[in-house]
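A quick note: this is a predicted structure, and the numbers were derived from the prediction, not measured. Indexing begins at 1, ligand by ligand and atom by atom, following the structure's order.
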Amino acid sequence: MTHIPRIGIGGPVGSGKSMLIERIVPMLAKKGYSLSIISNDVISKEDADRMRNNLATEKGLLPENLVIGIATGGCPHTAVREDPSMNLSVIEEMETKHSDLDLIIIESGGDNITTTFSPILADYFIYIIDVAGGDKYPRKGGLGIESCDLLVINKIDLANQIGADLEIMKRDAIKIRKGRPFEFINCKTDEGVTKVVEHIVHDVLFDTQPKSLVIK
Ligand SMILES: Nc1nc2c(ncn2[C@@H]2O[C@H](COP(=O)(O)OP(=O)(O)OP(=O)(O)O)[C@@H](O)[C@H]2O)c(=O)[nH]1
Ligand SMILES: [Mg+2]
């Protein structure tokens, strides 16, 4: 069976996981990549419903059959780390039915700073925090912040209101990430979001052409 590359996106409740997906999917689609989204929510399937019917575009982010909602119940990170079987069975179905997909994006349920993805589930792990938590993050660390492939610091437009110093966050991110990548973004204006797309195209898709453009 074809292995479709998978990105896991995790982070605290409300940090902007869904909104980041809503921003990067059209950018990747514009480059010709075809994608699917799996959105894990603890109780509802609200995020998946929202992505199927994105009010911003009025067209829906992706066709209904390419956006899967999973209501995980219980501890949000169990479904993406300890026991990813629910997600893996959805992926298996995707790989059978849609082998021409270039990428699958998996959103975890909103959680605390210990979220990580099982390497069995995700090939690449993006952890997203937002400045509203205060500039003590990323200094406080946590598995997600420290171990992810790409740390994203969202809502930089709120830094002034919240009194968060982006220079402090930058200094601490460099230190705690030991030089590994991080990006500041604003999902409301797309500032910095193209950088996230560049990481994905380079580090996950290895700068390969979209499958639809490869002459068979
Ligand atoms: N000001 C500002 N608000 C943002 C930004 N990104 C997201 N938001 C808002 O933050 C709220 C939460 O965003 P979501 O994308 O739903 O966050 P989430 O991490 O998916 O939330 P859960 O899945 O419920 O954990 C929404 O009201 C967004 O409009 C940003 O860059 N700036
Ligand atoms: Mg969400």
Numbering the atoms of ligand 1 from 1, which are under 4.0 Å from a heavy atom of [X]?
| X | result |
| --- | --- |
| Cys187 | 6 (N), 30 (C), 31 (O) |
| Asn186 | 30 (C), 31 (O), 32 (N) |
| Glu107 | 20 (O), 23 (O) |
| Gly110 | 25 (O) |

Would [X] count as a contact of ligand 1 if the rule is a heavy atom under 4.0 Å away?
| X | value |
| --- | --- |
| Arg50 | yes |
| Glu46 | no |
| Gly11 | no |

Among all protein heavy atoms, pick out the one at the shortest distance from [atom]; state its residue, atom name and that distance to 0.1 Å.
| atom | result |
| --- | --- |
| atom 3 (N) of ligand 1 | Lys188 CE, 3.4 Å |
| atom 25 (O) of ligand 1 | Lys17 NZ, 2.8 Å |
| atom 17 (O) of ligand 1 | Gly16 N, 3.1 Å |
| atom 10 (O) of ligand 1 | Lys155 NZ, 3.1 Å |
| atom 32 (N) of ligand 1 | Asp157 OD1, 2.9 Å |
| atom 21 (O) of ligand 1 | Gly14 N, 3.2 Å |

Item to check | Note: Asp49-Arg52 ion pair, threshold 4.0 Å (strictly below) | outcome: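 Answer for the salt bridge query: yes.
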
Checklist entry - So, Arg23 and Asp190, do they make that salt bridge, N to O below 4.0 Å? => result yes

Next on the checklist: Test of understanding: given a 4.0 Å heavy-atom threshold, classify the contact between Asp130 and ligand 1 as side chain, backbone, both, or neither.
Outcome noted: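 Looking at Asp130 and ligand 1, no heavy atom falls under 4.0 Å.
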
Item to check | Within reach of ligand 1, part of Asp47 (heavy-atom separation under 4.0 Å) | outcome: side chain

Next on the checklist: Quick one, Leu66 and Ile37 - any side-chain contact, counting heavy atoms below 4.5 Å?
Outcome noted: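 With C-beta onward as the side chain, the pair stays apart.
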
Checklist entry - Considering only heavy atoms from C-beta outward, does the side chain of Ile128 approach that of Ile153 to under 4.5 Å? => result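 Of all side-chain heavy-atom pairs linking Ile153 with Ile128, none is under 4.5 Å.
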
Item to check | Atoms named by residue and atom, protein N, O or S, within reach of the Mg ion (ligand 2) (under 2.8 Å) | outcome: Ser18 OG, Asp47 OD2, Glu107 OE2

Checklist entry - Should we say atom CD1 of Ile174 is surrounded by more than 12 heavy atoms from elsewhere, each under 6.0 Å from it? => result yes

Item to check | Donor-acceptor pair between Ser15 and Asp130 side chains, under 3.5 angstrom | outcome: no

